[in-house]
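Just below is one structure, and these are the notes that go with it.
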Amino acid sequence: AFSNEVFFGNAKTSQELISGHYVRNSSYESAEIKVQKLQDGRYHISGEALWGIHREYGPHMGNLDFVAEIQDNNIIKYVFEKFDNDPYITTFLFSSEGLTISEENWYGMFGANVSFSGEYTRAQ
């Protein structure tokens with residue numbers, strides 16, 4: 001229902017596919033991503049990931065925060081040049097089912113074993 005266009009007089013609006021709150025949970029790790037469309041058309045992406053949720057001394061944690069433009073086919077790509085000359089690259093693929101994130105050169109980027117890769121569902 002909320003993905004349909006809504007008409008107000010001569011103006012119309014639609015629920016955007018990309019903006020929203022996404023979550024990924026498993027028995028040992030979890031992550032959440034928030035996506036907000038900015039007035040200039042770019043997107044602000046922020047997120048937190050945990051690895052080792054039930055560890056005795058607490059989980060390892062990582063944060064992601066950047067602004068990027070949408071590419072064709074509902075893709076957002078983020079590249080961060082790390083100190084070891086192997087850039088961290090993450091790709092966000094948005095669909096009506098949710099969000100899929102893939103990463104390259106992620107190990108050590110956020111903390112031991114912390115990763116944002118995986119399938120996310122839109123939070124209600």
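- Atom-to-atom distance recorded for S96:OG and N74:CG is 9.5 Å, nearest 0.5 angstrom.
- The two atoms that bring S46 and D65 nearest to each other are CB-OD1, 4.1 Å, heavy atoms only.
- At a threshold of 4.5 Å between non-hydrogen side-chain atoms, the residues W106 and I89 do not count as touching.
- Considering every non-hydrogen atom in both G62 and F110, the closest pair reads CA-CB, 3.6 Å.
- Remark: the backbone N or O of S117 is paired with a side-chain donor or acceptor of E103 at under 3.5 angstrom.
- Note that the CD1 atom of I70 and the CZ atom of R42 stand 13.5 Å from one another [nearest 0.5 Å].
- Between T90 atom OG1 and I76 atom CD1 the span is 10.5 Å, to the nearest 0.5 Å.
- Residues L50 and L99 are members of separate hydrophobic clusters, defined by side-chain heavy-atom contacts under 4.5 angstrom among Ile, Leu, Val, Met, Phe, Trp and Tyr.
- A distance of 13.0 Å separates OH of Y78 from OG1 of T91, quoted to the nearest 0.5 Å.
- One N or O on the side chain of H60 and one on the backbone of A112 form a donor-acceptor pair closer than 3.5 Å.
- Considering every non-hydrogen atom in both N113 and Y107, the closest pair reads OD1-CE1, 3.4 Å.
- The line from OG1 of T100 to CG of L93 is 5.5 Å long, rounded to the nearest 0.5 Å.
- Looking at heavy atoms from C-beta onward, L38 lies out of side-chain contact with Y43 at the 4.5 angstrom threshold.
- Linking Ile, Leu, Val, Met, Phe, Trp and Tyr residues whenever their side-chain heavy atoms come within less than 4.5 Å leaves F94 and V67 in two separate clusters.
- Across every non-hydrogen atom of N105 and P87, the tightest pair is ND2-O, 2.8 Å.
- Contact detail for A49 and S115: the closest heavy-atom pair is CB-O, 3.7 Å.
- By the 4.0 Å N-to-carboxylate-O rule, R122 lies too far from E97 to be salt-bridged with it.
- To the nearest 0.5 Å, the span separating CD on Q36 from NE2 on H21 amounts to 13.0 Å.
- Cluster annotation: I18 and V23 are assigned to distinct hydrophobic clusters (Ile/Leu/Val/Met/Phe/Trp/Tyr, side-chain heavy-atom contacts under 4.5 Å, transitive).
- The only option from E119, E48, E29, E32 that meets the salt bridge (Lys or Arg N to Asp or Glu O under 4.0 Å) definition with R24 turns out to be E29.
- Note on I101 and Y28: same hydrophobic cluster, where clusters join Ile, Leu, Val, Met, Phe, Trp and Tyr whose side-chain heavy atoms are under 4.5 Å apart, directly or indirectly.
- Each of F116, F80, F92 was scored for a ring-ring contact (aromatic ring centres under 6.0 Å, His included) with F66, with one residue passing: F92.
- Although no hydrogens or angles enter the test, the distance criterion places a donor-acceptor pair under 3.5 Å between the side chain of S19 and the main chain of K37.
- Distance alone, capped at 3.5 Å, places no donor-acceptor pair between the N25 side chain and the S30 backbone.
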